[in-house]
Amino acid sequence: MSHSVNSPKLSFILLAITSAICMGTIGTLARFAALPAEHITFYRLFLGALCLLVYMLASSKRSQILHKPGKRTLVNGAMLAGFMFFYIQAMNYTSMANAVMMVYLAPLVSAVFAHFIFKERLAFANVLAIAIALLGFAMMMQFSLAASGSENEALGLFYGVLSLLTYSGFMLINRKPDKSTPYQSTLVQLLTGALCLLPLMLVSTPEISAAQALWLLAIGIIPGFIAILCAVKALRNLPAVTFGTLAYVEPVAVVCFAWSLFAETLTPLQLSGCTLIILAGISQGVLTQRASARAVKTAA
């Protein structure tokens, strides 16, 4: 009996882990594609939306396709495009580990913004988690903003900060309830993001070889469609804190891909910094979940 109860939850946990690993493949696939960030981001969003549209047409979600999207959903599509574009740009100039760890500071940065914007006061434990994450990031940088001593590193960190800010904006906007279903919201955000990048695509038109076209197809299917579909399904059946914790499989996967495929090694200090950022992010998720539960009980 316990097996039948637990097995569905286990399947959703596996979906969340699959989503995180698929998300983590974008850096590797982008390097193999060797195309400008705007092209990679456009095809990831556009092909992802196309695959999702086909999935919805072939399933019971067909009736959800035609609807009037909300303004927040459209804005979030632009935020999604910005986050993905800046993230790939960051990986072009700094290590994949540096880029992904900056992105995963977003939950903590969002908590700071929410403190001022939504009046969600930070407790001492929240401030401690943020301080630990900042210490972890300093360790990742080996306590130097130009750890490699190159101009490229500084540019990579600049793009990393932009990806961090746009992802934080994406998370903050998604905190507000929306009338659309997760599938509707995801489809609109992917299409909106692709449209935002279309002008950049038309300005830059490099020749794309057959091999590069295959890599772009993989980008659209794996981190563009499979990762998002698995995330949508998992989010609808797992507590937010569980999904948020499992999402930290992504930076671990990125570090493993970078080490095994591109020989990007981390020092013990940097590995310790990665661990602190991941632990701080998970702690922040747990604290946020508990605060939300207390707020609901108080309102009741």
Side-chain angles (χ1 to χ4, degrees), residues 19-20 23-24 26-27 37 41 45 70-91 94 97-123 125-138 140-141 156-178 185-186 189-190 192-193 196-197 223 227-228 231 235 240-241 243-248 250-251 254 273-274 276-289 291-292:
S19 172
M23 286 286 189
I26 183 59
T41 308
L45 293 168
K71 292 181 180 178
R72 282 202 309 273
T73 305
L74 297 174
V75 172
N76 241 4
M79 287 287 183
L80 182 63
F83 149 61
M84 290 182 175
F85 172 77
F86 293 131
Y87 177 42
I88 293 170
Q89 281 287 64
M91 286 189 290
T94 186
N98 283 350
V100 75
M101 286 303 164
M102 290 193 74
V103 167
Y104 272 87
L105 289 173
L108 300 150
V109 172
S110 297
V112 175
F113 281 133
H115 173 81
F116 296 102
I117 298 172
F118 302 137
K119 307 302 180 184
E120 296 178 4
R121 298 304 176 194
L122 291 171
N126 298 107
V127 176
L128 181 62
I130 292 168
I132 290 172
L134 291 176
L135 173 62
F137 182 68
M140 277 288 300
M141 295 292 100
L157 294 180
F158 171 72
Y159 281 121
V161 169
L162 291 180
S163 70
L164 163 63
L165 293 176
T166 48
Y167 189 40
S168 296
F170 176 83
M171 295 177 71
L172 288 169
I173 294 171
N174 266 334
R175 287 166 75 102
K176 292 295 182 180
D178 195 287
S185 178
T186 302
Q189 288 179 31
L190 288 172
T192 303
C196 288
L197 288 161
I228 291 171
L235 275 167
V241 65
F243 182 84
T245 301
L246 293 171
Y248 277 87
E250 180 184 349
V254 170
C274 289
L276 286 182
I277 292 172
I278 291 171
L279 291 176
I282 293 172
S283 300
Q284 180 62 32
V286 173
L287 292 168
T288 301
Q289 183 81 359
S292 299

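- Looking only at distances, no side-chain donor or acceptor of Thr94 sits under 3.5 Å from a matching main-chain atom of Ala90.
- For Pro223 against Ala227, the heavy-atom pair with the smallest separation is O-CB, 3.6 Å.
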Query raised in the report: For Met141 and Asn98, what are the C-alpha separation, side-chain angles and deciding distance, and is it a side-chain contact (heavy atoms from CB on, under 4.5 Å)?
Result: CA-CA 8 Å; Met141 295 292 100; Asn98 283 350; 3.2 Å; yes

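- No donor-acceptor distance shorter than 3.5 angstrom exists from the side chain of Tyr159 to the backbone of Ala99, with no hydrogens or angles considered.
- In this structure, the separation between CD1 on Ile277 and CZ on Phe137 is 7.0 Å, given to the nearest 0.5 Å.
- To the nearest 0.5 Å, atom CD of residue Glu250 and atom OH of residue Tyr248 are 10.5 Å apart.
- Rounded to the nearest 0.5 angstrom, Leu276 CG and Leu279 CG are separated by 6.5 Å.
- At a threshold of 4.5 Å between non-hydrogen side-chain atoms, the residues Gln189 and Leu45 do not count as touching.
- Distance CG/Leu105 to CD/Gln284: 11.5 Å, rounded to 0.5 Å.
- Residue Met140 comes nearest to Gly273 through the heavy atom pair CG-C, 4.2 Å, listed as atom of the first residue, atom of the second, then distance.
- Atom-to-atom distance recorded for Ser185:OG and Asn76:CG is 7.0 Å, nearest 0.5 angstrom.
- Between the CE atom of Met102 and the CG atom of Leu165 there is a distance of 8.5 Å, given to the nearest 0.5 Å.
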Requested in this report: Give the C-alpha distance, both sets of side-chain angles, the deciding distance and a yes or no for side-chain contact (heavy atoms from CB on, under 4.5 Å) between Leu157 and Val161.
Outcome: CA-CA 6 Å; Leu157 294 180; Val161 169; 5.6 Å; no

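- In terms of heavy-atom proximity, Val103 sits nearest to Leu164 at O-CD1, 4.4 Å.
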List, one per line, each side-chain donor-acceptor pair under 3.5 Å for residues 78-89, sequence neighbours excluded.
| unit_1 | atom_1 | unit_2 | atom_2 | d |
| --- | --- | --- | --- | --- |
| Gln89 | OE1 | Asn92 | ND2 | 3.2 |

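- Closest heavy-atom contact between Leu172 and Ser110: CD2-O, 3.6 Å.
- The environment of CZ in Phe158 is sparse: at most 12 heavy-atom neighbours from other residues, nucleotides or ligands sit within 6.0 Å.
- Proximity of Ile282 to Ile278: side-chain heavy atoms (C-beta onward) are separated by under 4.5 Å at one or more points.
- A donor-acceptor pair under 3.5 Å links the side-chain atoms of Thr166 to the main chain of Ser163, judged by distance alone.
- Nearest heavy-atom pair across Ala20 and Leu246 is CB-O, 3.9 Å.
- Taking each heavy atom of Ala106 and Met171 in turn, the nearest pair found is CB-SD, 3.9 Å.
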